[in-house]
Amino acid sequence: FTSCDSALINGKTYYQSGKYSQLLINSKGCDSTLRLDLIIKPGNPSTLEAGIDTSICEGEVIQLNGIFSPNSPVGTKFTWQSNHGSFDNPNNLNTNYYPTTIGDERIFLSAADDCKQWLDSLAVHVLPKQVVQVTGDTIIDPCKEITFTASGGTNYIWTPSSFVDCLDPPCSKVKLRSTTDVRFTITTIGPCV
């Protein structure tokens, strides 16, 4: 018989491997001997860590580095799981994760050996990509009024500002007042700039 940590047989607990015998007496006074050949496997005191919670931008890949310490005995099986993403190798402590949705996702790492199971997780917050666009005439005619419109940004900066007329408060829509070079910078707030 093989057991983890200990074995309870007929009311007696065994903590070490070995050969044992038990004298059993039934209610009518008959006796018999039970011979035991026990293998007691020590429980694995290891801990499993999936990693720390993190935020990434849409389209990025996360390198996952699970930790199983102090050791990883032969026969330990690892599995990464996610409802909204995929892994290079879901059965390896170290793998890449490819999220497929925007928002919060919980990724689980499990491990199991003959005697024990472990489970840990980490949260991944996938932020949407920020897309900025500029539209307007591609050919500038100095005899015509030219309008450019930008979107997707938080700040719109035209340099030099004296060469444009802002048509809205953030200055995302402007009319050019000069045919000289004008630089336009769009910035966004947050990590997915």
Residue list, side-chain hydrogen bond (donor to acceptor under 3.5 Å, both in side chains) with His125, at least two apart or on another chain: Asp104

Lys19: what forms a salt bridge (charged side-chain N to carboxylate O under 4.0 Å, His left out) with it, not counting sequence neighbours? Asp37

Hey, are the side chains of Thr154 and Val132 touching, using non-hydrogen atoms and a 4.5 Å cut-off? no

Within the 4.5 Å heavy-atom criterion, are Trp118 and Asp113 side-chain neighbours or not? yes

So which pairs with a foot in residues 40-65 pass ring pair (Phe, Tyr, Trp, His ring centres under 6.0 Å), sequence neighbours left out? none

I want to check something: taking the side chain as every heavy atom from C-beta on, are Phe87 and Leu64 in contact at a cut-off of under 4.5 Å? yes

Under the 4.5 Å side-chain heavy-atom rule for ILVMFWY, direct or indirect, which residues accompany Val61? Tyr98

Before giving the answer on side chain to side chain contact (heavy atoms under 4.5 Å, CB included), spell out for Leu36 and Phe1 the whole-Å C-alpha distance, their side-chain angles and the decisive distance to 0.1 Å. CA-CA 7 Å; Leu36 303 169; Phe1 181 75; over 6 Å; no

With sequence neighbours left out, which residue pairs that include part of residues 77-106 fulfil the disulfide bond (SG atoms under 2.5 Å apart) condition? none

Does a donor on one side chain and an acceptor on the other come within less than 3.5 Å for Gln81 and Ser110? no

Any side-chain heavy atom of Leu109 within less than 4.5 Å of one from Leu122? no

Listed by chain and number, what are the side-chain contact (heavy atoms from CB on, under 4.5 Å) partners of Gln16, not counting sequence neighbours? Tyr20

With sequence neighbours excluded, what pairs up with Asp114 under the salt bridge (charged side-chain N to carboxylate O under 4.0 Å, His left out) test? Lys41

Contacts of type side-chain hydrogen bond (donor to acceptor under 3.5 Å, both in side chains), residue Tyr156, not counting sequence neighbours: none

Less than 4.5 Å apart, side chain to side chain, heavy atoms only: is that true for Thr159 and Thr185? no

Kindly indicate whether the side chain of Leu38, heavy atoms from C-beta on, has any atom under 4.5 Å from the side chain of Ser17. no

Side-chain heavy-atom pair Phe68, Phe78 within 4.5 angstrom cut-off: yes

Just wondering, are more than 12 heavy atoms of other shown residues or ligands nearer than 6.0 Å to CD1 in Ile52? no

From Gln22 CD over to Ser32 OG, what is the distance, rounded to the nearest 0.5 angstrom? 10.0 Å

Is there a side-chain contact between Ile107 and Trp80, using heavy atoms and a 4.5 Å cut-off? yes

Can you list the residues that meet the side-chain contact (heavy atoms from CB on, under 4.5 Å) rule with Cys4, with sequence neighbours excluded? Cys115

Hydrophobic cluster (4.5 angstrom, side-chain heavy atoms) - remaining members for Leu8: none

Only counting residues at least two apart or in another chain, list the ones meeting side-chain contact (heavy atoms from CB on, under 4.5 Å) with Ser21. Thr33, Arg35

When you measure from the side chain of Asp168 to the backbone of Lys173, do you find a donor-acceptor pair of N or O atoms at a distance under 3.5 Å? yes

Applying salt bridge (charged side-chain N to carboxylate O under 4.0 Å, His left out) to Asp31 and not counting sequence neighbours gives none

